[in-house]
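Worth knowing before you read on, the calculation uses all heavy atoms, side chains too, and leaves out hydrogens, waters and symmetry mates.
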Amino acid sequence: MSLFATVEIPCPSCGVSVAFEAVNSVNAVGRPDLRDDIVSGDFQKQTCGSCGKEFRMDPQFTYIDAGRGHWFAVFPEPELEDWRTHEEEVVRLYDKAFGSGASPLARELGRSMRARLVFGWPALWEKLAVFDAGLDDVQIELLKIGLLRNLPDSPFALTNELRFVGAPDDGTSELAFAWVDSTTSDFVQGVRVPRALYDDIAAEPEAWQALRDDFADTLFVDMKRLVTAGA
């Protein structure tokens with residue numbers, strides 16, 4: 001079941017209170033239209049009736065798609081610094097829903113689930129894009145680390161993050177990434193890289209094993225895990 005609650009939030013432009021249907025959980029099987037809205041970037045967007053400003057509410061909800069085997073806990077991007085605490089909470093939540101604390105039927109369903117913790121809309125869009133493309137998200141994170149080491153003239157900045165956006169179906173054998181402003185979710189710059197770079201990571205396991213181990217048995221599969229840990 002997809003659950004919403006009406007809340008009053010101030011418009012970020014004029015400050016007038018706006019009634020907003022805030023999501024608490026999304027069941028993509030029962031409401032495939034909500035998944036479509038998430039992918040398109042239209043989900044949780046609203047226009048202020050006073051000034052006409054369109055804005056999007058920060059995400060904080062659970063997302064389940066039993067048909068695709070997806071279970072995500074989504075938090076606002078500013079809470080990324082507390083990922084350790086959130087990951088511990090989400091592990092307990094998932095265990096109660098589909099793990100050892102769940103019913104036998106739910107545990108059986110949980111065996112086919114990929115559980116993830118994400119922060120911000122771009123991170124959620126990325127997970128959906130990665131899994132829709134049939135790719136491994138750990139390997140995508142390793143590829144992004146490699147790209148950051150070698151991309152010339154990248155718009156890397158405190159608020160810019162590199163996100164996978166898709167595998168273009170145009171016969172180019174490339175993977176599409178985009179630099180996105182993490183505070184606004186706005187597109188900054190696109191970049192395409194050869195699919196062979198992704199495949200090379202799988203072909204050279206020893207070279208990447210130390211970094212791969214950092215993502216072993218975790219729900220927060222994101223290179224920012226390593227950046228914030230280092231900080």
Flag, side chain of [X] to backbone of [Y], donor-acceptor distance under 3.5 Å:
{"X": "D42", "Y": "I38", "result": "no"}
{"X": "Y94", "Y": "A73", "result": "no"}
{"X": "E87", "Y": "L219", "result": "yes"}
{"X": "E141", "Y": "M223", "result": "yes"}
{"X": "W121", "Y": "M57", "result": "yes"}
{"X": "S25", "Y": "M1", "result": "yes"}
{"X": "E126", "Y": "F164", "result": "yes"}
{"X": "D82", "Y": "T85", "result": "no"}
{"X": "K144", "Y": "L162", "result": "yes"}
{"X": "Q44", "Y": "D58", "result": "no"}

So salt bridge (charged side-chain N to carboxylate O under 4.0 Å, His left out) across residues 102-118, not counting sequence neighbours, yields E108-R111, R116-D137
- Might you work through the side-chain hydrogen bond (donor to acceptor under 3.5 Å, both in side chains) test for E161 and S182, ending with a clear yes or no? CA-CA 6 Å; E161 56 186 13; S182 61; 4.6 Å; no
### Query
Within a strict 4.5 Å, meaning less than it, do heavy atoms of the L128 and Y63 side chains meet?
yes
Worksheet item: Is the closest basic N to carboxylate O distance between D222 and K224 below 4.0 Å?
Response: no
Problem set entry | Flag for D95-S100: side-chain donor and acceptor within less than 3.5 Å | yes
Listed pairs under 3.5 Å, donor-acceptor, residues 200-217 side chains, sequence neighbours left out:
{"from": "Q209", "atom 1": "NE2", "to": "D213", "atom 2": "OD1", "distance (Å)": "2.7"}

Practice problem: Compute the centroid of each ring, for F131 and then for H70, and state whether the two points are separated by less than 6.0 Å. | Solution: yes
Parallel, tilted or perpendicular: which describes the rings of F220 and F119, with under 30° parallel and over 60° perpendicular?
perpendicular
Parallel, tilted or perpendicular, judged at 30° and 60°: which one describes the rings of F43 and F61? perpendicular
The reported gap from CZ in F98 to OG in S103 (rounded to nearest 0.5 angstrom) is 9.0 Å
- Neighbour count >12 (heavy atoms, 6.0 Å) for atom CD, Q60: yes
